[in-house]
Amino acid sequence: MLKAGILTIGDEILIGQITDTNSAAISRALGTIGLRTTVMLSCGDGMDEICGSLTQLLSHNDVVVVTGGLGPTKDDITKKALARLSGSTKMLDNAEQAAIVRRILTARGIELSDLNLQQSMVPDTCRVLPNQIGTAPGMVFRMKGESWPHEPLLYSLPGVPFECEGLLEAVLNDIKSNLKLEDIYHRTLVTYGIPESILAKKIEAWEDALGPRLHLAYLPNPIVGVKLRLSCYGGDRQENVLLVEKQFGKLREILGDAVYGEGEDTLPVVIGRILRSRKATLAVAESCTGGKIASLMTEVPGASEYFYGSVTSYDNSVKTNVLGVSEAILAEHGAVSSECAEAMARGVMERLGTTYGLSTTGIAGPGGGSAQKPVGTVWIGVARRENGQVKTESRMLRFGSDRLRNIERFAGNALNILRLALIDEE
């Protein structure tokens with residue numbers, strides 16, 4: 001199996017000023033053509049750091065992809081490091097990228113400067129991958145000479161994420177034309193409601209029986225759930241597909257309703273499919289999640305077909321005056337209660353005129369808890385219209401003390417409880 005390494009360059013990554021999303025995008029893309037990423041590195045904007053990191057990666061991988069350090073400022077020195085490593089003797093002006101630079105800056109009303117034009121200058125040892133949506137070109141180097149035990153392919157891409165991703169197709173096509181690749185097949189099931197450690201125990205016998213060709217990965221996320229990815233390397237593609245399908249059939253039998261989707265499915269996507277298929281609608285009343293559920297639902301394109309809106313009822317006055325929660329419920333049971341959650345779900349459903357209502361009320365922390373209702377407690381309510389009647393249900397869950405983590409867990413679990421309520425009606 002051919003191997004790949006990834007290097008992201010920039011002091012801003014190392015000090016935590018920005019999040020490196022390029023490595024994940026590159027690794028996913030390489031995996032689709034049968035390249036296994038074995039290492040991801042980040043280094044600062046220094047010549048020695050860049051050259052040292054690239055030397056390490058090129059010595060042990062068939063393909064190396066580097067991003068960052070290609071801008072017009074003086075601290076962007078990736079191009080100089082690549083020229084040194086590849087044995088370049090001069091820089092050449094790439095006419096195609098220069099024309100793109102002029103077009104982009106003119107369209108933006110930005111005066112063309114020498115620094116901008118320098119971005120189209122490239123080492124004479126590379127081949128250019130024109131960047132149609134940015135000013136820094138992609139570059140391809142076939143590293144030769146006594147320095148390398150083989151002839152690795154080195155790709156340099158801009159650090160701006162949408163520009164990096166825009167060049168990935170060209171990178172993949174170039175790799176496929178230069179290397180003999182083995183098949184790699186990934187498939188992912190998405191689960192919710194079973195913690196990772198319990199999930200691992202539940203499927204332990206199934207996992208132990210997978211055999212050497214299949215590799216299982218656990219990918220947990222408080223909002224998405226736990227993704228289970230099976231990978232099959234090498235061999236025949238059709239056989240791999242059948243093998244993975246057979247194993248996932250067994251896994252679905254073990255996990256039942258905990259499996260809610262595949263691939264990039266999320267709870268809002270799956271809930272949206274169900275609501276759309278039934279021509280049903282949803283409204284949300286949020287207290288402790290502060291609008292998080294509404295934000296997740298509206299990330300899905302076309303959500304306006306079934307998602308009407310939400311009420312962020314953070315203060316009790318909003319619960320009573322907007323959602324119609326009675327003061328008697330708040331006085332007797334408190335805002336963090338089954339009674340309040342169900343009244344909120346019913347209230348938002350009736351006021352927005354939807355088929356379903358979903359609510360959250362809890363204590364995200366770090367303060368506000370008590371012995372009876374500690375930090376991390378949440379009540380989730382669901383209301384529905386059924387045969388002219390309104391039916392409500394609620395469930396209490398408890399998590400930890402981290403506020404932001406709790407908000408994500410509250411929102412994810414609320415969506416999953418709604419999903420289970422929806423499929424119970426099928």
Side-chain angles (χ1 to χ4, degrees), residues 4-10 22 26 29 43-55 57-58 61-108 110-145 147-148 151-179:
I6 298 170
L7 175 66
T8 52
I9 296 172
N22 286 340
I26 294 166
C43 73
D45 295 301
M47 180 66 73
D48 290 341
E49 292 97 323
I50 296 172
C51 288
S53 297
L54 282 174
T55 297
L57 291 174
L58 289 165
N61 292 280
D62 304 284
V63 172
V64 173
V65 183
V66 54
T67 72
L70 297 178
T73 56
K74 292 182 180 180
D75 66 334
D76 290 317
I77 60 172
T78 299
K79 204 179 294 182
K80 295 177 182 178
L82 295 171
R84 177 192 292 184
L85 282 174
S86 64
S88 172
T89 58
K90 60 182 178 180
M91 303 291 283
L92 302 175
D93 183 24
N94 183 265
E96 185 174 2
Q97 190 64 45
I100 294 171
V101 171
R102 290 188 176 89
R103 170 174 58 79
I104 290 176
L105 295 184
T106 299
R108 295 175 182 171
I110 300 174
E111 183 179 353
L112 194 65
S113 69
D114 291 341
L115 287 175
N116 297 129
L117 288 175
Q118 285 178 14
Q119 291 194 271
S120 63
M121 300 295 292
V122 298
D124 61 351
T125 47
C126 83
R127 182 166 56 81
V128 168
L129 300 176
N131 179 6
Q132 298 293 339
I133 55 176
T135 55
M139 294 174 282
V140 185
F141 299 83
R142 181 176 284 277
M143 308 301 285
K144 299 180 179 180
S147 300
W148 320 107
E151 293 188 356
L153 291 171
L154 173 59
Y155 297 88
S156 175
L157 304 179
V160 180
F162 76 90
E163 293 184 32
C164 172
E165 293 189 35
L167 284 168
L168 284 178
E169 184 177 356
V171 170
L172 299 185
N173 289 335
D174 191 79
I175 293 172
K176 288 187 286 188
S177 67
N178 284 282
L179 296 176

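Because the structure is a prediction, the values reported are computed rather than measured.
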Colleague: Please round to the nearest 0.5 Å and tell me the distance separating atom CD of Q97 and atom CD1 of I104.
Modeller: 7.0 Å

Colleague: For S88, enumerate each residue passing the side-chain hydrogen bond (donor to acceptor under 3.5 Å, both in side chains) test, keeping only those at least two apart in sequence or located in another chain.
Modeller: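 Here the qualifying residues are D124.
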
Colleague: Counting only heavy atoms not in Q132, do more than 12 fall under 6.0 Å of its CD?
Modeller: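 More than 12 within 6.0 Å, yes.
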
Colleague: First locate atom CD1 of I6, then atom CG of N61, and finally report the distance between them rounded to the nearest 0.5 Å.
Modeller: 9.5 Å

Colleague: Quick one, F141 and T125 - any side-chain contact, counting heavy atoms below 4.5 Å?
Modeller: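 Result yes, sub-4.5 Å side-chain heavy-atom pair found.
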
Colleague: Kindly state each residue pair satisfying salt bridge (Lys or Arg N to Asp or Glu O under 4.0 Å) with at least one member in residues 82-96, sequence neighbours excluded.
Modeller: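 Those involving residues 82-96 do not exist here.
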
Colleague: Quick one: side-chain contact (heavy atoms from CB on, under 4.5 Å) partners of A170, sequence neighbours excluded?
Modeller: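 Testing A170 for side-chain contact (heavy atoms from CB on, under 4.5 Å), a comparison that skips the adjacent residues, returns L129.
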
Colleague: For a quick test of reading the model, state the closest non-hydrogen atom pair linking Q119 to P137 and the distance between them.
Modeller: O-CD, 3.0 Å

Colleague: Can you run down the salt bridge (Lys or Arg N to Asp or Glu O under 4.0 Å) pairs that involve residues 127-139, sequence neighbours left out, and say none if there aren't any?
Modeller: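 Every salt bridge (Lys or Arg N to Asp or Glu O under 4.0 Å) pair that includes a residue of residues 127-139, provided the two are not neighbours, is R127-D174.
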
Colleague: Indicate yes or no: at least one non-hydrogen side-chain atom of R142 is less than 4.5 angstrom from one of N178.
Modeller: yes

Colleague: Any side-chain heavy atom of M47 sitting closer than 4.5 Å to one from K80?
Modeller: yes

Colleague: Between P158 and C164, which heavy-atom pair has the shortest distance, and what is it?
Modeller: O-CB, 3.4 Å

Colleague: Do L82 and K79 have side chains that get closer than 4.5 Å, going by heavy atoms?
Modeller: no

Colleague: In chain order, what residues pass the side-chain contact (heavy atoms from CB on, under 4.5 Å) check against T55, with sequence neighbours excluded?
Modeller: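 Partners of T55 under the side-chain contact (heavy atoms from CB on, under 4.5 Å) test: S59, L85, W148.
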
Colleague: Please check: side-chain N/O of N116 versus main-chain N/O of S113, any donor-acceptor pairing under 3.5 Å?
Modeller: yes

Colleague: So, for G44 and I9, which heavy atoms are closest and what is the spacing to 0.1 Å?
Modeller: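 Looking at all heavy atoms of both residues, the closest pair is O-CG2, 3.9 Å.
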
Colleague: Does T135 reach the main-chain N or O of V101 with its side chain, forming a donor-acceptor pair under 3.5 Å?
Modeller: no

Colleague: Are any non-hydrogen side-chain atoms of I110 and L112 less than 4.5 angstrom apart?
Modeller: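 Not in contact.
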
Colleague: Once you round to the nearest 0.5 Å, how far does CG of L154 lie from SG of C126?
Modeller: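 Answer rounded to 0.5 Å: 10.0 Å.
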
Colleague: Whether the side chain of N22 engages the backbone of G159 through a donor-acceptor N/O pair (distance < 3.5 Å, no angle test) should be reported.
Modeller: yes

Colleague: Begin from the C-alpha positions of V64 and L153 and carry the test side-chain contact (heavy atoms from CB on, under 4.5 Å) through to its verdict.
Modeller: CA-CA 6 Å; V64 173; L153 291 171; over 6 Å; no

Colleague: Checking I133 now: which residues fulfil side-chain contact (heavy atoms from CB on, under 4.5 Å) with it, not counting sequence neighbours?
Modeller: N131, F162, E163

Colleague: Measure across L57 and G5 and return the closest heavy-atom pair with its distance rounded to 0.1 Å.
Modeller: CD2-CA, 4.3 Å

Colleague: Could you tell me whether the side chain of I26 reaches within less than 4.5 Å of the side chain of V171, counting heavy atoms only?
Modeller: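 V171 does not reach I26 side chain to side chain.
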
Colleague: For I100 versus P130, what's the shortest heavy-atom pair and its separation?
Modeller: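 Heavy atoms only, the tightest pair is CD1-CB, 4.1 Å.
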
Colleague: By the salt bridge (Lys or Arg N to Asp or Glu O under 4.0 Å) test, which pairs, at least two apart or in different chains, include something from residues 98-108?
Modeller: none

